[in-house]
Amino acid sequence: MSSIQKILDQMRHESANVRFGDLDRVCEEYFGKPRQSRTSRALFQTPWVGDPRINIQNDKGKAKGYQVRQVLTAIDELAGMRNER
């Protein structure tokens, strides 16, 4: 099992206890480099129309739980798009 998969499993099990660095790594794996990043925030572009961005914030080394859930939803949507092809 890859470390990205381990992080995803942790994110799905307990979204409130995910390190920001892990969430950032997962986002880069699925969505590429952030189009904007600062010390406490990163903005990723997604490949669909509508609201095509994911914003994550560093909260004292941890990711915010609701943002973890948003990333998981986006990853699931991306997987669905790939399966349709």
Side-chain angles (χ1 to χ4, degrees):
M1 182 182 287
S2 73
S3 70
I4 293 293
Q5 188 60 47
K6 287 180 184 179
I7 295 168
L8 281 171
D9 290 345
Q10 179 201 2
M11 288 169 57
R12 291 187 192 284
H13 178 67
E14 189 176 5
S15 63
N17 194 25
V18 177
R19 293 183 336 177
F20 176 79
D22 289 343
L23 183 62
D24 186 55
R25 188 169 164 205
V26 166
C27 287
E28 283 193 24
E29 178 74 22
Y30 281 90
F31 306 111
K33 294 286 184 187
R35 69 175 198 192
Q36 176 184 349
S37 63
R38 300 181 195 143
T39 56
S40 65
R41 175 178 305 250
L43 185 63
F44 293 90
Q45 184 75 32
T46 60
W48 49 80
V49 294
D51 192 13
R53 63 189 178 343
I54 294 175
N55 179 28
I56 61 173
Q57 294 173 273
N58 187 345
D59 187 18
K60 299 176 187 166
K62 296 286 185 182
K64 295 188 176 200
Y66 77 94
Q67 291 174 341
V68 171
R69 290 186 296 276
Q70 286 174 345
V71 168
L72 289 171
T73 300
I75 289 170
D76 291 343
E77 187 171 335
L78 185 62
M81 289 174 65
R82 289 180 179 164
N83 289 336
E84 290 176 2
R85 292 183 186 170

I'd like to know whether Ile7 forms a side-chain contact (heavy atoms from CB on, under 4.5 Å) with Arg25, so could you lay out the CA-CA distance, the side-chain angles of the two residues, the decisive distance to 0.1 Å, and finally the verdict. CA-CA 9 Å; Ile7 295 168; Arg25 188 169 164 205; 4.1 Å; yes

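For the side chain to side chain donor-acceptor pair (under 3.5 Å) with Asp9, the lone residue among Arg12, His13, Gln5, Lys6 that qualifies is Gln5.
For the atom pair Ile54 CD1 and Arg35 CZ, the distance stands at 11.0 Å (nearest 0.5 Å). With values rounded to the nearest 0.5 angstrom, Arg53 atom CZ is found 9.5 Å from Thr46 atom OG1. Within the model, atoms CG of Asp59 and CD of Gln67 stand 9.0 Å from one another, a figure rounded to the nearest 0.5 Å. Taking CG from Asp22 and CE from Met11, the interatomic distance works out to 9.0 Å, rounded to the nearest 0.5 Å. Atom SG of residue Cys27 and atom NZ of residue Lys33 lie 12.5 Å apart, to the nearest 0.5 angstrom. Rounded to the nearest 0.5 angstrom, Glu29 CD and Asp24 CG are separated by 12.0 Å.
Val26 and Leu8 make their closest contact through CG1-CD2, 3.9 Å (heavy atoms, listed as atom of the first residue, atom of the second, distance). For the residue pair Gln45 and Phe31, the shortest heavy atom distance occurs at O-CB, 3.6 Å. Closest non-hydrogen pair, Val68 versus Ala63, comes out as CG2-CB, 3.8 Å. Of all non-hydrogen atoms in Pro34 and Glu28, the two that sit nearest each other are CD-OE2, 3.8 Å. Taking all atoms of both residues into account, the shortest heavy-atom contact from Leu78 to Tyr30 is CD2-O, 3.7 Å.
With contacts defined as side-chain heavy-atom distances shorter than 4.5 Å, the pair Ser15/Arg69 qualifies. At a threshold of 4.5 Å between non-hydrogen side-chain atoms, the residues Lys62 and Asn17 count as touching.
Note on Ile4 and Ile56: same hydrophobic cluster, where clusters join Ile, Leu, Val, Met, Phe, Trp and Tyr whose side-chain heavy atoms are under 4.5 Å apart, directly or indirectly.
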